[in-house]
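In what follows, a single structure is set out as structure tokens and then discussed.
Quick caveat, the model's predicted, so the values are computed rather than measured. Proteins get letters first, then strands, A, B, ... in listed order; numbering begins at 1 in each.
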Amino acid sequence: MTEITPRSEDFSKWYLDVVKRAELADYSPVKGCMVIRPYGYAIWENIQRLLDARFKATGHVNAYFPLFIPESLLMKEKDHVEGFAPQVAYVTRGGDEELEERLIVRPTSEVIIGTMYAKWVKSWRDLPVLINQWANVVRWEKVTRPFLRTTEFLWQEGHTAHETAEEAEVETLKILALYKEFCENELAMPVMDGIKSESEKFAGASRTYSIEALMGDGRALQAGTSHNLGQNFAKAFEIQFQGRDKTVQHAWTTSWGVSTRLIGGVIMTHGDDSGLVLPPNVAPHQVVIVPIPRGDWKTTVLPTCEKIKAELEAAGIRVKLDADEENSPGWKFAEYEMRGVPLRLEIGPKDIEKGTVFSARRDTREKAPLSMEGLTTTIKELLAAIQSNLLARARAFREEHTSEATTWDEFKAAMEGRPGFVIASWCGSADCEAQIKTETQATLRNIPMNSPKVDSPCIKCNGASTAKAWFAKAY
RNA sequence: CGGGGCGUAGCGUAGCCUGGUAACGCACCUGCUUUGGGAGCAGGGGAUCGCUGGUUCGAAUCCAGUCGCCCCGACCA
């Protein structure tokens with residue numbers, strides 16, 4: 001009945017089954033474009049709310065820039081064009097008129113935002129500009145998967161402009177740290193923060209930092225990026241200001257984003273053979289109440305259910321009361337487990353007599369009666385316990401699936417199958433990086449922020465190493 | 001863009017090899033009995049078999065073309 005392929009049998013199929021059965025998303029008639037269904041969108045709304053509060057708390061404001069961008073703007077930054085042109089969708093007609101200049105549908109907004117910043121920034125007093133936008137973008141992908149890679153996707157993109165290189169770097173790292181904290185505390189998804197190699201950095205950036213998560217099948221997922229764009233875009237778009245020293249200077253800009261891909265990350269970090277397992281902080285319903293319909297339950301049981309629901313909601317807890325008579329309690333148990341609801345409360349005549357409710361945790365599947373006395377407090381504690389247990393579990397999984405290799409043979413052996421992260425010394429050359437990819441399918445995910453001192457030669461060429469990098473097969 | 005697979009009721013499939021006018025499970029509708037781990041019985045509605053053309057007395061089935069989707073690779077949040 002569940003129709004969910006076991007994770008161990010075929011992880012990819014399991015993932016697609018969960019997305020579909022839990023009604024997170026569905027395929028649309030447009031190739032590569034998915035419909036985010038209400039249950040999936042509710043997760044996104046929680047992600048938005050929690051992230052947006054963090055952006056505001058760090059001084060950012062929201063704005064909205066247009067979907068369409070004149071093609072000529074894309075052409076202004078050389079590396080940026082090369083990186084994005086192959087994935088761009090074009091608009092050539094409006095109604096029955098052929099357009100004089102083609103428009104691109106934004107794959108990202110650096111160029112349109114850079115153009116506007118050039119108008120707005122005149123003086124050092126105009127800086128910094130700290131703007132974020134919540135938007136959709138389009139990238140013509142050859143291969144798509146729900147949430148992980150779709151032709152159109154939702155994200156936030158922050159774009160900032162600063163007076164100095166130092167300030168831009170501080171901003172870039174501040175956001176990286178913000179993302180990491182968000183992923184770990186809200187999504188219970190541990191991430192490794194670090195810097196990308198030259199070949200993996202954002203098209204047009206001076207430096208790209210990323211957070212990398214490890215999925216349940218041992219593959220890495222880039223969960224967010226923060227780019228220090230240096231003066232590259234400021235020069236291409238003439239974002240100039242007169243400085244404190246009266247000279248005219250180019251601004252220093254950054255951009256950073258996370259997308260609906262995070263939902264895919266949550267699914268693949270916590271899910272199990274029964275379906276989704278959602279961290280309470282982003283779960284659309286943190287608690288589901290299932291009344292047990294016995295005898296005259298509508299007068300004996302239901303009022304208590306409604307009272308508890310009201311009390312929990314008053315305490316800020318998201319509650320679903322499923323008093324639908326069509327489905328049996330057993331059906332509901334299975335259904336809400338499949339949908340990943342963190343905590344289930346069963347309330348029947350026996351519970352009413354005893355002054356208890358029967359609880360079942362999704363993460364550990366532990367079941368226990370809870371006293372109605374102080375129930376709201378108990379449930380708050382339980383949700384917090386589930387949230388931290390999920391993070392601890394995911395951390396333990398990552399540690400079990402992270403190894404260090406000191407020789408090429410060791411590295412290759414470690415990359416067999418679906419291993420997780422492999423830490424190895426690297427000389428910094430793009431050649432070695434490319435060879436590693438060709439021979440093992442593993443890519444350099446990033447070089448962690450607190451990377452230890454290098455004491456061993458490059459895993460590939462045995463030359464002098466510059467850093468210890470984290471490698472993995474990635475999504 | 002290479003390799004593979006699939007289009008039959010809302011969903012998942014069988015039937016196709018060996019042509020004879022579409023079947024099963026789930027879902028849905030009605031009624032009754034049920035309900036503490038995906039309820040049971042009875043009755044019922046719903047598909048011109050992706051599309052186009054061809055072969056044939058006759059095509060879901062054979063042939064050709066075409067469109068679309070999924071999976072695995074190379075490229076990417």
Side-chain angles (χ1 to χ4, degrees), chain A residues 1-5 10-13 15-17 20-21 23 26-34 82-88 107-108 135-157 179 196 199-203 208 210-213 220-227 255-265 274-275 290-295 297-298 301 322-338 344-352 356-360 365 367 369 434 437-438 441 443 473-475:
Chain A
M1 173 68 195
T2 61
E3 294 162 16
I4 294 177
T5 308
D10 184 341
F11 193 88
S12 176
K13 196 155 192 304
Y15 175 78
L16 292 167
D17 286 348
K20 206 158 189 193
R21 284 281 291 124
E23 298 183 349
D26 201 356
Y27 296 104
S28 79
V30 185
K31 178 179 161 53
C33 294
M34 66 171 178
E82 281 177 18
F84 281 101
Q87 292 185 276
V88 163
T108 178
N136 58 338
V137 289
V138 168
R139 297 181 187 178
W140 219 256
E141 300 286 356
K142 303 233 158 80
V143 175
T144 59
R145 313 183 79 183
F147 294 112
L148 299 178
R149 179 166 300 107
T150 46
T151 300
E152 177 186 4
F153 58 93
L154 305 183
W155 75 349
Q156 59 70 215
E157 48 179 329
Y179 283 160
K196 285 285 194 184
S199 58
E200 296 267 342
K201 79 178 188 190
F202 179 76
T208 288
S210 75
I211 48 171
E212 303 283 335
L221 182 76
Q222 181 172 300
T225 46
S226 185
H227 315 292
S255 69
W256 28 273
V258 297
S259 71
T260 36
R261 170 180 271 192
L262 288 176
I263 297 171
S274 301
V290 179
I292 305 303
R294 275 282 172 84
W297 68 282
K298 281 190 183 172
V301 172
D322 188 350
D324 191 339
E325 291 178 82
E326 296 306 310
N327 299 310
S328 69
W331 186 91
K332 292 174 187 174
F333 298 165
E335 184 69 12
Y336 291 109
E337 278 171 14
M338 190 271 295
R344 176 177 75 241
L345 300 180
E346 302 170 24
I347 305 175
K350 289 185 239 166
D351 300 288
I352 305 283
T356 61
V357 302
F358 196 72
S359 71
R365 296 183 182 274
K367 296 175 183 178
K437 186 175 180 184
T438 310
Q441 290 182 312
T443 50
K473 294 181 185 175
Y475 274 95

Using a 4.0 Å heavy-atom cut-off, does Glu337(A) contact any base of the nucleic acid, only the sugar-phosphate backbone, or nothing at all? base
Taking CD from Glu23(A) and C1' from rA27(B), how many angstroms apart are they, rounded to a whole number? 12 Å
For the pair made of OH in Tyr475(A) and P in rC71(B), what is the distance, rounded to whole Å? 12 Å
Mind checking the C1' distance from rG68(B) to rA74(B)? Whole angstroms is fine. 23 Å
Look at the side chain of Arg344(A) against the base of rG37(B) and say whether a donor-acceptor pair falls under 3.5 Å; ignore hydrogens and angles. yes
Can you tell me, in whole Å, how much space there is between the C1' of rC17(B) and that of rC32(B)? 47 Å
Heavy atoms only, 4.0 Å cut-off, all strands: where does Ser226(A) land among base, sugar-phosphate and nothing? nothing
Taking any heavy-atom pair under 4.0 Å as a contact, classify Pro86(A): base, sugar-phosphate, or nothing. nothing
Mind calculating the distance between CG (Asp10(A)) and C1' (rC72(B)) to the nearest angstrom? 11 Å
Begin from the C-alpha positions of Phe84(A) and Arg139(A) and carry the test side chain to side chain contact (heavy atoms under 4.5 Å, CB included) through to its verdict. CA-CA 8 Å; Phe84(A) 281 101; Arg139(A) 297 181 187 178; 3.6 Å; yes
Are Ser12(A) and rC72(B) close enough that a side-chain N or O sits under 4.0 Å from OP1 or OP2? yes
Touch class at under 4.0 angstrom, heavy-atom based, for Gly257(A) against every strand present: nothing
At 4.0 Å (heavy atoms only), tell me whether Ser259(A) reaches a base, stays on the sugar-phosphate, or touches nothing. base
For a quick check, tell me whether the side chain of Asn327(A) and the base of rG38(B) share a donor-acceptor pair closer than 3.5 Å. no
NA contact type, Gln222(A), heavy-atom cut-off 4.0 Å: base, sugar-phosphate, or nothing? sugar-phosphate
Using the C1' atom in both, what is the distance from rG45(B) to rC29(B), to the nearest Å? 7 Å
Under a 4.0 Å threshold between the charged nitrogen and the carboxylate oxygen, would Glu325(A) count as salt-bridged to Lys298(A)? yes
Quantified in whole Å, what is the C1' atom distance between nucleotide rA42(B) and nucleotide rG37(B)? 27 Å
If stacking means aromatic ring centre less than 5.5 angstrom from the base's six-membered ring centre, planes under 30°, is Phe358(A) stacked on rG36(B)? no
So does Arg145(A) get a side-chain nitrogen or oxygen closer than 4.0 Å to the phosphate oxygens (OP1/OP2) of rC72(B)? yes
Whole-Å C1' distance, rG4(B) and rC11(B): 24 Å
For atom CZ of Phe333(A) and atom C1' of rG37(B), their distance in whole Å: 6 Å
For Asp351(A) and Glu346(A), which heavy atoms make the closest approach, and how far apart are they? OD2-O, 3.7 Å
Classify the nucleic acid contact of Val143(A) as base, sugar-phosphate or nothing, counting any heavy atom under 4.0 Å across all strands shown. base
Can you tell me, in whole Å, how much space there is between the C1' of rU30(B) and that of rC49(B)? 29 Å
At less than 4.0 Å, is any side-chain N or O atom of Lys201(A) found next to OP1 or OP2 of rA77(B)? Yes or no. no
Describe the nucleic acid contact of Lys13(A) in one word from base, sugar-phosphate, nothing, applying a heavy-atom distance below 4.0 Å. nothing
Whole-Å C1' distance, rG73(B) and rG65(B): 28 Å
Can you say whether the rings of Trp256(A) and Tyr179(A) are parallel (under 30°), tilted (30 to 60°) or perpendicular (over 60°)? perpendicular
Measure the spacing between CE of Met338(A) and CG of Asp17(A) and express it to the nearest 0.5 Å. 10.5 Å
Does rG68(B) have a Watson-Crick or wobble mate here (both distances under 3.5 Å), and if so which one? rC6(B)
For the side chain of Gln441(A), starting at C-beta, report the closest nucleotide among rG73(B), rG37(B), rU35(B). rG73(B)
Ala474(A) vs Val357(A), nearer the 5' end of RNA chain B by closest nucleotide: Val357(A)
Name the nucleic acid region contacted by Lys367(A), choosing base, sugar-phosphate or nothing; use a 4.0 angstrom heavy-atom cut-off, strictly under. base
Ionic contact status for Glu335(A) with Arg344(A), cut-off 4.0 Å: no
Starting from C1' on rU34(B), measure out to CG on Asp324(A) and report it in whole angstrom. 15 Å
Could you tell me how far rG5(B) sits from rG44(B) if I compare only their C1' atoms? Round to whole Å. 37 Å
Counting the atoms with a prime plus P, OP1 and OP2 as sugar-phosphate, which does Leu16(A) contact under 4.0 Å by heavy atoms, base, sugar-phosphate, or nothing? sugar-phosphate
Start at the 5' end of RNA chain B and walk down; is the nucleotide closest to Ser328(A) or to Glu152(A) reached first? Ser328(A)
rU48(B) pairs with, by Watson-Crick or G-U criteria that keep both distances under 3.5 Å: none
Counting any heavy atom closer than 4.0 Å, what does Glu346(A) reach on the DNA or RNA strands: base, sugar-phosphate only, or nothing? base
Tell me, do Val258(A) and Gln156(A) make a side-chain contact under 4.5 Å, heavy atoms counted? yes
Per the side chain to side chain contact (heavy atoms under 4.5 Å, CB included) rule, which among His227(A), Gln222(A), Glu200(A) passes with Ser210(A)? Gln222(A)
Quick one: which of rC1(B), rA77(B), rG37(B) gets closest to the side chain of Lys142(A)? rC1(B)
